[in-house]
Undergrad: 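One structure coming up, written as structure tokens, with questions to follow.
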2 protein chains.
Amino acid sequence: MPARKQPKALPAMAEADIAIVRIAPETSFKNKAYEALKEAILKMDIYATPEQVMLDERALSERLGVSRTPIREAIAMLEQDGFVKTVPRRGIVVVRRTKTEIVDMIRAWAALESMAARLITTTARKKDITALRDFFKDFNQDRLPQDHIEEYSKANIAFHQALISLSESPVLVDMTNDILLHVRGYRQLTIGRKDRTATSLPEHMGIIEALEARDTELAEKRARDHTLGLAAYVEAHGQELFT
Amino acid sequence: MPARKQPKALPAMAEADIAIVRIAPETSFKNKAYEALKEAILKMDIYATPEQVMLDERALSERLGVSRTPIREAIAMLEQDGFVKTVPRRGIVVVRRTKTEIVDMIRAWAALESMAARLITTTARKKDITALRDFFKDFNQDRLPQDHIEEYSKANIAFHQALISLSESPVLVDMTNDILLHVRGYRQLTIGRKDRTATSLPEHMGIIEALEARDTELAEKRARDHTLGLAAYVEAHGQELFT
DNA sequence: GCAAGATTTTTGGCATACCAAATGCCAGAT
DNA sequence: ATCTGGCATTTGGTATGCCAAAAATCTTGC
């Protein structure tokens, strides 16, 4: 079949090249619903409630003020993400991860982050690497992380995300963020735990030092071992979270 | 609120334990459409056609004999997978990856596979590791891989998938499979290239040997370097594929 | 003959109605 | 009191129809 006729070139219009980026894409209800539901699922502490959490299409459509159609499409997307599972004629259940699954995810995280570290040693600018220290500038001998766990936990996540970003690898960034979203539920209860916090900060500094030294193998190893340490910790001490 | 009442235990019924399995879950049109479209997208050589490929909801619904609703849900899922991108009032376009993106994906694959290798050295049975050699039993000095590229390429993929599976990590398996689906379009044109095929087989054997020796660090390194080698190859020689 | 504007067509977004399966409640039988 | 069958309800699945924006096409005036 013949190719569709190409749209003809735009007329001259030499003046307005200014700030006409693309107009707001006016995100659809589908995407709004997706974002809203995703945030709601992440916000709720899924592991705090004993019974499994169910969603109802009609209730959601009423709540969000749209019809079921965009809601269903959003649900389909969330199911692809692994956040929910819809069972025909039964309902939509918010997925709970088992301890084993979480450990598994953290291992994958470790894999991706160590690769990011590897790439960073060959491409990132020294300035950007050094800037990673800033995430922890509010912590020191007089202000220990374990005394400000909530704050440190935030800095921790921000550090890891900034680290991955330095790899300039969209794939690594996206995959890691996906994993972090799933692990997030546990984060406050694991990364923030006092006993691990004490060793966390020195390990981070060790990673930064290896990156600055452009020591590819060492940076990779330190990044990997650091996150694998978290996995081992959850595997060993995460029992109480999954009663 | 009180938990939903649990269904009570089944009555005796000692007789009919025969072949009452579970009835087919009767997958929905939505899922059928998803599978059908996914396969169609993967099958078509998206990089062979010069113009971008568009999908039409109505045409698809007619072709598959279902209404637009399940089609749209399937499209929403495919969009989450990154196979298509729907532009409002414009159409649904099958996504083309750039060379840079493919290289990026292969690097992530390397990260995941090296972690799998690491895990395998500590958990897999020797028997299963050794079995990996079978994928290449049809190739030797008298029957070189580069003379049977198509066949070797298949064995290659099967080997990598089997390798990852040995890690017994569902997350690693799933993430890697996702990546392979995206890279597959290039596979025949890259992994199968003669110049790389020659070095591929010995590298695979090297990985297997390290696994058998339970040499965690070496296995990880070899697995990583092998796949990073592919990434470097595509980066260097993949120009012609992305005109 | 051509360009600007009006009109028709195309295409995804959304709302609504109906369907069928799974559950749960309840009356009637034992 | 308990069990059984059936009916009403709930809930996801699917089909349809209409809408608005953007493209494509046609019309018209110079």
Side-chain angles (χ1 to χ4, degrees), chain A residues 1-13 20 22-37 51-80 84-94, chain B residues 1-13 22-37 51-79 84-94:
Chain A
M1 72 184 75
R4 177 177 302 188
K5 184 184 296 183
Q6 292 300 315
K8 53 185 67 176
L10 291 169
M13 197 169 81
I20 300 189
R22 236 314 186 172
I23 292 189
E26 296 263 8
T27 166
S28 61
F29 285 169
K30 171 183 69 177
N31 289 312
K32 285 182 181 172
Y34 172 72
E35 294 300 336
L37 291 177
E51 17 170 335
Q52 64 180 5
V53 180
M54 306 282 287
L55 300 180
D56 180 82
E57 286 183 3
R58 286 167 232 264
L60 290 174
S61 79
E62 239 179 277
R63 279 246 245 153
L64 297 180
V66 298
S67 81
R68 285 176 57 208
T69 306
I71 299 286
R72 294 190 98 268
E73 290 172 353
I75 298 281
M77 291 191 282
L78 288 169
E79 188 164 13
Q80 285 300 102
V84 303
K85 170 109 180 98
T86 116
V87 186
R89 313 284 148 44
R90 283 302 198 74
I92 303 157
V93 37
V94 178
Chain B
M1 72 185 73
R4 181 176 300 190
K5 187 186 293 183
Q6 294 296 316
K8 55 185 64 177
L10 292 168
M13 197 168 80
R22 235 307 188 173
I23 292 190
E26 296 263 8
T27 166
S28 61
F29 286 167
K30 171 183 68 178
N31 289 311
K32 285 182 180 172
Y34 171 74
E35 294 300 335
L37 292 178
E51 18 171 332
Q52 63 179 6
V53 180
M54 305 283 288
L55 301 180
D56 181 82
E57 288 183 359
R58 286 167 233 264
L60 291 174
S61 79
E62 239 179 276
R63 267 261 241 136
L64 297 180
V66 299
S67 80
R68 286 175 57 210
T69 307
I71 298 286
R72 296 191 93 260
E73 291 173 352
I75 298 282
M77 292 192 283
L78 288 169
E79 188 163 12
V84 302
K85 169 113 182 97
T86 118
V87 186
R89 312 287 146 43
R90 282 299 200 75
I92 302 158
V93 38
V94 179

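Quick note on labels: first sequence line is chain A, next is B, and so on, each numbered from 1.
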Undergrad: Pick one: which of A/Ile92, A/Thr86, A/Val84 meets side chain to side chain contact (heavy atoms under 4.5 Å, CB included) with A/Leu78?
TA: A/Val84
Undergrad: Give, ordered by number, those residues of residues 55-67 of chain A having at least one heavy-atom distance below 4.0 Å to an atom of DNA chain D; if nothing qualifies, reply none.
TA: A/Leu55, A/Asp56, A/Glu57, A/Arg58
Undergrad: Suppose we screen for side-chain contact (heavy atoms from CB on, under 4.5 Å). Which residues come up paired with A/Gln80, at least two apart in sequence or across chains?
TA: B/Tyr34, B/Met77, B/Gln80, B/Asp81
Undergrad: Find the distance B/Lys30:NZ to C/dA20:P and express it as a whole number of Å.
TA: 19 Å
Undergrad: What is the distance, to the nearest angstrom, from the CZ atom on B/Arg68 to the P atom on D/dC19?
TA: 14 Å
Undergrad: Calculate the interatomic distance between B/Met54 atom CE and D/dA22 atom P; express it in whole Å.
TA: 15 Å
Undergrad: Could you tell me which non-hydrogen atom of B/Ala33 sits nearest to which non-hydrogen atom of B/Pro70, and how far apart they are?
TA: CB-O, 4.4 Å
Undergrad: Could you check whether any side-chain heavy atom of B/Leu55 comes within less than 4.5 Å of a side-chain heavy atom of B/Leu60, counting everything from C-beta outward?
TA: yes
Undergrad: Could you give the CG-to-P distance, from B/Asn31 to D/dG12, as a whole number of Å?
TA: 15 Å
Undergrad: With nearest nucleotides of DNA chain D determined for A/Thr69 and A/Ile92 from heavy-atom distances, which residue corresponds to the more 5′ nucleotide?
TA: A/Ile92
Undergrad: Ignoring hydrogens and angles, are the base of D/dT14 and the side chain of B/Ser28 linked by a donor-acceptor pair under 3.5 Å?
TA: no
Undergrad: Do B/Ile71 and B/Leu64 touch side chain to side chain, with heavy atoms closer than 4.5 Å?
TA: yes
Undergrad: Please tell me if B/Arg90 has a side-chain N or O lying less than 4.0 Å from either OP1 or OP2 of D/dA23.
TA: yes
Undergrad: Can you sort out the partners of A/Arg58 under side-chain contact (heavy atoms from CB on, under 4.5 Å), two or more places apart, ordered by chain and number?
TA: A/Asp56, A/Arg68
